[in-house]
Amino acid sequence: MGLKVYNTLTRKVEDFKPLAEGKAGIYVCGPTVYGHAHLGHAKSYVSFDILVRYLRYLGYAVTYVQNITDVGHLTDDADEGEDKLVVAAKKEKKHPMALAEYYTRSYFEDMDKLHCVRPDISPRASGHIPEQIELVKKLLEKGYAYEVNGSVYFDVSKFSDYGKLSGRNVEDMQAGARVEVSPDKKHPADFALWKKAEPNHIMQWLSPWGNGFPGWHLECSVMSMKYLGKTIDIHGGGMENQFPHHECEIAQSEAANGAQFVKYWLHNNMVTVNGQKMGKSLNNFILLKELFSGSHELLSRKYDPLAVRQLILQSHYRSPIDFSDAALTAAQSGFDRISDAVIALRNRMGQAPDGEADKVVLGELEELTGTFEEAMNNDMNTSVGLSVMFDLVRLANRLFEKKDATGQTLKAVDEKFSILGGAVLGIVKDEYPQTGFPDNKPLEDIIDKFNLFVEIRELLRRKKQFKASDDIRNYLGTAAIEIEDSPDGSQLKGLDDFLKRYRNLKIHGNKKEAEKYSKSIIEYFKNALGVE
RNA sequence: GGCGGCGUAGCCAAGAGGCCUAAGGCGACGGUUUGCAAAACCGUUAUUCGUCGGUUCGAAUCCGACCGCCGCCUCCA
């Protein structure tokens, strides 16, 4: 059984059969880079990242194209609307292109943290103006478009399939409240292919119809065609883009090419925050950077980017997901549980006794792999896929208890973590840093001191001086550093966080806080040593 | 107004006609382990799936009505 996906076009779950055997071309609507990425971006791009990763796991040669929209769409559909990018650029006093570049980098930074694999091609809309002009010309030639006053519109009445994706028909929508229809349009549903620019419009290009800029659906048609061909296997995007964006893409592409544009349309559902739609006007907009640093008033703490990823994977991509501080905290705990097990597993692998891998364990791993694949094949049921990770955690921890697992057995378990949890789900890391801040020499001293405490405590414990030993643990606890005792020795936990917090305080120049913090450190050093 | 989705334990969330007296996670509680903790392991935590009807030998799953919530139709992922 192979992969099945839900195709919005047919409203059915279908077997995925690519156009070319063993290959898959995927186009996903990328971000408009006029601001930092937010939770909605995370949901969408993690969802399609899973699709790409899983197709690769299945052996497909995937070409993943995701555009960067750096020609801002207009803020409304009427001709008077301003370009989003231009508006933002004015506000930040930057050239729109500088702004686009800045937010493009920010976007990739955030996506890297979420372990979203980079697209094979990230085409910029601004880099494909000639191709867009060509497509407009072609549509004019074929009679699907008309020019009015230096703008070109797509004539929806000429394309009978218009509405086939979103299940709308043009007549019904006329009744709906539509904002200010441009008087240039023959029909309110017609959409712009090319727009005339006013002299003061910063982003404009020369075209056969005068100076202007491309309409906001055009780039996706042009760039997917250029890099993936006239018909592509999969087009993904957020479901709010079904109409009008994707509907218009279909109209343009199919009218121009006379060929089916997309075989499988996949749409992810939306994000809510505390049960409410996330919207700029609603003040519940959470940026990924705020999530990763904990600097949003709705958040009680910062969250590991991969814990956010895990929360997204806990539900289906076609279901809405509600982000709340409680949900994030729960996901973080679960993520830590998996990470801890993998770290322990890798630490023990080298010390484990030699010998063949346990047949029973190998059998269990096979079974779990089957469960995983079955779930993922079913329109990417990541929730069940993730549950397999927890089965692996339990399996690994049980092996540790028995202590007789061979290195080969542990290695087999680690392989599943690495492939299913790492390569496919993207929540298991290749490497877990111990305490790595090589560029923070002074902090290493602090770590040394912490380690000294651990050693002192070991001595005390051996001498059964439990009161003093508990004190040390408590003191360190006030800095959110935990000591975990085990037969193999004691481990410090939370050092990374401690160091990050410490470094952030210094870097961000919050002197008062930094001072308070270092004082508190000195304080418990003193206390623990029992000196004044 | 048009289109669509959802309502499953304290919370999050799979399941989409019999394998369901319903995965998994978080939380809580009990036990094992530990000097005590933590972590881990074992166990408990929904005889029931918004409500009421219907179809069926059989429904969380299909149909209808109702209640509640959410989204899209306008820039948004």
Side-chain angles (χ1 to χ4, degrees), chain A residues 11 13 28-32 34-35 37-48 72-78 81-82 84 87 163 166-169 171-180 216 236-245 267-272 275-281 285 310-311 314-316 318-322 324 326-338 340-341 344 371 375 378 381-391 393-394 396-398 400-402 461 464-467 469-470 473-474 477 482-487 490-491 493:
Chain A
R11 312 213 169 225
V13 176
V28 173
C29 285
T32 304
Y34 68 112
H38 52 70
L39 277 175
H41 293 106
K43 161 103 177 162
S44 184
Y45 298 124
V46 166
S47 298
F48 292 111
H73 301 329
L74 294 186
T75 49
D76 67 53
D77 201 27
E82 262 199 292
K84 285 193 292 202
V87 171
S166 53
R168 288 156 212 269
N169 70 69
E171 303 317 314
D172 280 349
M173 286 187 307
Q174 274 179 269
R178 196 172 172 90
V179 286
E180 293 201 45
W216 60 280
M239 66 173 226
E240 83 287 354
N241 276 333
Q242 270 172 35
F243 187 89
H245 186 51
H267 290 100
N268 64 277
N269 213 313
M270 311 294 281
V271 156
T272 53
Q276 280 276 298
K277 170 199 166 119
M278 189 175 80
K280 284 204 167 132
S281 50
F285 227 67
Q310 183 159 315
L311 177 57
Q314 261 174 50
S315 66
H316 191 85
R318 280 193 288 119
S319 301
I321 185 162
D322 184 43
S324 62
L328 283 159
T329 301
Q332 179 76 53
S333 298
F335 172 71
D336 290 343
R337 180 169 149 81
I338 295 172
D340 286 349
T371 305
N378 182 20
N381 187 334
T382 51
S383 183
V384 171
L386 191 61
S387 78
V388 168
M389 289 306 109
F390 287 102
D391 291 335
V393 167
R394 201 166 300 112
N397 284 331
R398 271 189 207 143
F400 302 157
E401 298 246 314
K402 285 197 284 177
R461 286 179 68 221
K464 306 225 183 280
Q465 305 258 13
F466 295 125
K467 175 71 176 68
S469 126
D470 283 352
R473 185 167 56 198
N474 291 337
E482 292 165 48
I483 296 184
E484 280 187 15
D485 297 330
S486 78
S490 300
Q491 285 276 322
K493 294 195 81 177

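In the text below, chain A, chain B and the rest are named by the order of the sequence lines, each starting its count at 1.
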For this session: Using only heavy-atom distances, determine whether the side chains of A:E401 and A:N397 contain a donor-acceptor pair under 3.5 Å.
Result: no
Exercise. Between atom CD in A:E484 and atom P in B:U34, what is the gap in whole Å?
Worked result: 17 Å
Exercise. Across the strands shown, which category fits A:K464 at heavy-atom distances under 4.0 angstrom: base, sugar-phosphate, nothing?
Worked result: nothing
Exercise. Can you tell me how far P of B:C73 sits from CD of A:E240, to the nearest Å?
Worked result: 7 Å
Problem set entry | Nearest-angstrom distance from the residue atom CZ of A:F400 to P of B:C42 | 13 Å
Exercise. Does a nitrogen or oxygen in the side chain of A:R394 sit under 4.0 Å from OP1 or OP2 of B:G25?
Worked result: yes
For this session: Write down the distance between CD (A:Q310) and C1' (B:C26), rounded to a whole number of angstrom.
Result: 11 Å
Exercise. In whole angstrom, what separates A:I321's CD1 from B:A14's C1'?
Worked result: 13 Å
For this session: Return the minimal non-hydrogen interatomic distance between A:K43 and A:S315, and the atom names on each side.
Result: NZ-OG, 4.2 Å
Seminar exercise, completed: Closest to the 5' end of RNA chain B, once A:V393 and A:V384 are matched to their nearest nucleotides, is A:V384
For this session: Can you tell me which stems involve RNA chain B, if a stem is defined as three or more consecutive Watson-Crick or G-U wobble pairs, both distances under 3.5 Å?
Result: B:1-7 with B:67-73, B:10-12 with B:24-26, B:27-32 with B:40-45, B:50-54 with B:62-66
For this session: Would you indicate what A:R461 reaches in the nucleic acid, counting non-hydrogen atoms under 4.0 angstrom: base, sugar-phosphate, or nothing?
Result: base
Problem set entry | Lys/Arg-Asp/Glu bridge criterion (N-O < 4.0 Å) met for A:D470, A:K467 | no
For this session: Looking at every strand, decide which applies to A:N397 at a 4.0 Å heavy-atom threshold: base, sugar-phosphate, or nothing.
Result: sugar-phosphate
Exercise. Between B:C41 and A:K402, is there an OP1 or OP2 to side-chain N/O distance shorter than 4.0 Å?
Worked result: no
Exercise. Does OP1 or OP2 of B:G71 have a side-chain N or O of A:N269 closer than 4.0 Å?
Worked result: no
Exercise. Under 4.0 Å between a Lys/Arg side-chain N and an Asp/Glu carboxylate O for A:R394 and A:D391?
Worked result: yes
Exercise. Rounded to the nearest Å, what distance is computed from the CD atom of residue A:E401 to the P atom of nucleotide B:U34?
Worked result: 11 Å
Exercise. What is the distance from CG of A:N381 to C1' of B:A16, rounded to the nearest Å?
Worked result: 12 Å
Problem set entry | Residue whose closest nucleotide on RNA chain B lies nearer the 5' end, A:G238 versus A:L311 | A:L311
For this session: With P as the reference atom in both, quote the distance from B:U8 to B:G35 in angstrom, rounded to an integer.
Result: 45 Å
For this session: Give the minimum heavy-atom separation between A:N381 and A:H316, together with the two atoms involved.
Result: CA-ND1, 4.2 Å
Exercise. Looking for any heavy atom pair under 4.0 Å, which part of the strands does A:H316 touch: base, sugar-phosphate only, or nothing?
Worked result: sugar-phosphate
Exercise. Are A:S319 and A:N269 linked by a side-chain donor-acceptor pair shorter than 3.5 Å?
Worked result: no
Problem set entry | Per A:K277 side chain, nearest of listed nucleotides B:A77, B:G25, B:C76 | B:C76
